[in-house]
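Within every chain, numbering begins at 1; the chains are lettered A, B, ... in the order of the sequence lines, protein sequences first and strands thereafter.
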Amino acid sequence: LRLSTARQQRRGGRGGSALLAAPALLLYVGLVVAPLFLAFYYSLTDWDGASATVDFVGGDNYREAVVDDEVRQAFLVTAGMAVAGTAILNALALPAAVLLNRSGRVTALYRSAVFFPIVLSAIVVGFIWQTFLNTNGIVNDLLEPLGRGPILFLGEGSLAVASITMVAVWQTFGFLTVLYLAALKTVPDDIYEAARMDGARAPAVFFRITLPILWPAIVGNVLLILIFFMRIYEYVVAMTAGGPAGATQTVAFLVVKQAFTQTRYGYGSATAILLLVTVFATVLTISSLSSSLSRRRM
Amino acid sequence: MKRSTAGEAGRHASLMLLGLWFLVPLYLVVVNSFKAQSDVLLNPLSAPVGKFTLESYRAAFSSPSFNISRAYLYSAIITVSVVAIVLLTASSLSYVMARSASTWARAAYLSILAGLMIPPQVVIIPAVKVLRDLGLIGTLPGLILYDVATNLPIAVFVYYGFIQSIPKGARRVGQHRRCRAVQDLLAGHLPGDRSGHRVDRGDPVRVRLERLPQSADHPRSPRRADGDRPAPSVRPASTAPTGRRSSRTSACRQRRCSSCS
């Protein structure tokens, strides 16, 4: 009796599951998975994005990209932003989350101050900071009494890279703090209670209790932020458009420029695939490093 | 952990500094949007006392080069559609994947998770081609579909974890789910799920754990159409006695379950 029901449910169930899963899967396959494979295919061609003929050129695009100074520069800039941004962001957001991990009206006020940039779009934030930081922007106005002339926050190569990184940190800070706050909530209160009984001071509690318990969350967040910085694009568009002289071109920015401005779809796809491989390799390295590290500690 | 007054003061000082870092730019943007350009350049920090003007807003809304009201309309359309479609499709997909033990579901989940790592610029070039071939390039639906596809991974990631965490409240959820309509809507959609619980009240109904809590965006919505329900007549009468049905509907009524109408 029950068996027949189960079989029937199973039969009806296949169709049901398929129906439930289909819309999302179709969209994902059609607009992410298929394009991913297409990108790899185009990276082996010299397609310009419009013409009907697509010539297969093998690894030529990759060979060109490896020795292209512009590509190398873009990878260096992206790596610099990713490493610096991830380090600064995590080093600031974790302590901030510890300080904010309390109830009370004042703390709620601090929290909302930290969180609000999340609701703005990256491009808007980029433009706002661009108006603040350019040569006659508000920051230089305020620095004028110091009498050093305008500082080229966005006009001097490495300074511009630092400015973009700072703005990305500014906007992502609240998001990361939320993630750390959520992780902190999982630390059981009685451990803190016990530590208090033993007379442990705040720094000891943080380094001996909070940090080890949060370790998996920290690794996850570092990865998340690294990936975020490796695909950084909107801030560059809004703040410097890649300038001065290509000094702030990130890989993502360069991909779009190669493909759509220079109409070299094939070459842009090759650069994009290189970026993808870099991201995957970074994620795999860090996650395997962290798991072997935690295994050794046990 | 001793909370000294010095420590407290330090905490407030650092948090205030942090807050200023975020609030001062906001303040500047808001304040200067109510000033004339000359005033912005002269005293960018002050509040627009006495020189308050809405000129910038008027200029923005009447700019001949850019129709800002239409831009807001488009943004609203895109946002609402993308959020609605993502919630609907991602929740139903996660539901199927989280409840299925099959290798395929696992593979699908992992490949969607991998999508979190893919920089959008990698897929945007061929995605433009795909959309052009579909005749959707330069149209709102095309943009919406692309946004949905690229936002699916994060939504699936969240939903998947959420749905997997549900069995903790199994008893309560199961009781709530004695609601006939919901049971019919969701019954048998999950072939991989073999975990059944008996509810000790009433008939030994197999209540599956996957029944979702009262979240507004869970996947029952697309299953609403009557044609999707298993037809009652197909089911052998012995497995669905009418007595059980009525007891369930009364349970429904008690719980004011919105799904039973």
Side-chain angles (χ1 to χ4, degrees), chain A residues 1-2 4-5 8-10 12-14 16-17 19-21 23-25 27-28 30-36 38-39 42 96 99-100 110 113-114 116-117 128-129 132 138 141 170 174 192 195-196 200-202 205 227 230-231 233 252 255-256 259 265 268-269 272-273 275-276 279-280 283, chain B residues 1-2 7 11-12 14-16 18-19 21-23 25-26 28-29 41 44-45 88-90 92-93 95-97 100 108 111-112 115-127 129-131 145-146 148-150 152 156 187-191 219 222-223 228 230 234-236 238-239:
Chain A
L1 197 111
R2 185 137 293 164
S4 78
T5 322
Q8 207 159 35
Q9 279 190 342
R10 206 184 310 154
R14 288 253 159 82
S17 308
L19 256 170
L20 279 179
L25 277 184
L27 273 175
Y28 188 70
L31 290 171
V32 177
V33 179
L36 196 63
L38 274 175
Y42 287 139
L99 292 182
L100 288 169
Y110 289 136
V114 169
F116 95 87
I128 289 174
W129 278 99
F132 285 170
I138 205 163
D141 277 359
W170 185 82
Y192 287 129
R196 196 158 47 235
R201 288 177 177 279
V205 169
I227 295 171
M230 287 171 91
R231 49 162 81 166
Y233 172 73
V255 166
V256 174
Y265 269 47
S269 295
I273 294 291
L275 175 62
L276 184 69
V279 172
F280 275 13
V283 170
Chain B
M1 198 161 39
K2 228 165 68 181
R11 171 176 178 266
H12 279 286
S14 37
L15 282 177
M16 243 177 253
L18 201 64
W21 187 38
F22 291 102
L23 289 182
L26 176 71
L28 289 175
V29 170
L41 293 176
L45 285 183
L88 222 69
T89 57
S92 31
L93 175 62
Y95 182 57
V96 173
M97 290 190 309
S100 165
S111 68
I112 289 178
L116 282 173
M117 286 187 268
I118 301 173
Q121 286 74 24
V122 176
V123 294
I124 201 164
I125 300 170
K129 163 127 177 73
V130 170
L131 287 174
L145 288 184
Y146 177 75
V148 169
T150 47
L152 273 176
V156 165
H189 291 160
L190 300 139
R223 315 291 308 159
D228 288 336
V234 178
R235 190 168 288 191
S238 52
T239 60

B:Leu18 versus chain A, the contacting section by heavy-atom distance below 4.5 Å: side chain

Do A:Val255 and B:Val122 have side-chain heavy atoms sitting under 4.5 Å apart? no

Residue from B:Val156, B:Ile112, B:Val148 scoring the most non-hydrogen pairs under 4.5 Å with chain A is B:Ile112

Per-residue contact mode, A:Val283 against chain B (heavy atom under 4.5 angstrom): side chain

Closest non-hydrogen atoms of B:Ala90 and A:Ala24, given as atom of the first, atom of the second and distance, are N-CB, 4.4 Å

Pairwise distance CG(A:Leu36) to CD1(B:Ile118) - rounded to 0.5 angstrom: 4.5 Å

Of all the heavy-atom pairs spanning B:Met117 and A:Val279, show the shortest one and how long it is. O-CG1, 3.5 Å

Which pair of non-hydrogen atoms, one from A:Ala113 and one from B:Gly19, has the smallest distance, and what is that distance? CB-CA, 4.1 Å

Is there a donor-acceptor pair under 3.5 Å between the side chain of A:Arg231 and the backbone N or O of B:Gln121? no

Before giving the answer on side-chain contact (heavy atoms from CB on, under 4.5 Å), spell out for A:Leu31 and B:Thr150 the whole-Å C-alpha distance, their side-chain angles and the decisive distance to 0.1 Å. CA-CA 8 Å; A:Leu31 290 171; B:Thr150 47; over 6 Å; no

Given that the side chain runs from C-beta out, which part of B:Leu116 has a heavy atom under 4.5 Å from chain A: side chain, backbone, both or neither? backbone

Which pair of heavy atoms, one from A:Tyr28 and one from B:Ala149, lies closest together, and at what distance? CD1-O, 3.9 Å

Interchain contact, B:Met16 with chain A, by part (heavy-atom threshold 4.5 Å): both

Between A:Pro23, A:Ala252, A:Ala39, who has the most heavy-atom pairs with chain B when the cutoff is under 4.5 Å? A:Ala252

Check: B:Ser111 and A:Val33 side chains under 4.5 Å, non-hydrogen atoms: no

Look at the side chain of B:Trp21 and the backbone N and O of A:Trp170, then say whether any donor-acceptor pair between them is shorter than 3.5 Å. no

Checking heavy atoms, do the side chain of A:Ile227, its backbone, both or neither come under 4.5 Å from chain B? side chain

Region of B:Leu145 that comes under 4.5 Å of a non-hydrogen atom in chain A: both

Heavy-atom pairs under 4.5 Å with chain A: which of B:Val130, B:Leu26, B:Ile124 has the most? B:Leu26

Scanning both residues in full, the closest heavy-atom pair of A:Phe116 with B:Phe22 reads CE2-O, 3.1 Å

ring-ring contact (aromatic ring centres under 6.0 Å, His included) filter on A:Tyr42, not counting sequence neighbours, yields A:Trp47

Going by side-chain hydrogen bond (donor to acceptor under 3.5 Å, both in side chains), name the residues that satisfy it together with A:Tyr233, two or more places apart in sequence or in a different chain. none

Closest approach of B:Pro126 and A:Pro35, non-hydrogen atoms and distance? CG-O, 3.1 Å

Separation of B:Leu15 CG from A:Tyr110 OH (nearest 0.5 Å): 5.5 Å

Among A:Leu38, A:Leu99, A:Leu27, A:Leu100, the residue with the most heavy-atom pairs under 4.5 Å to chain B is A:Leu99

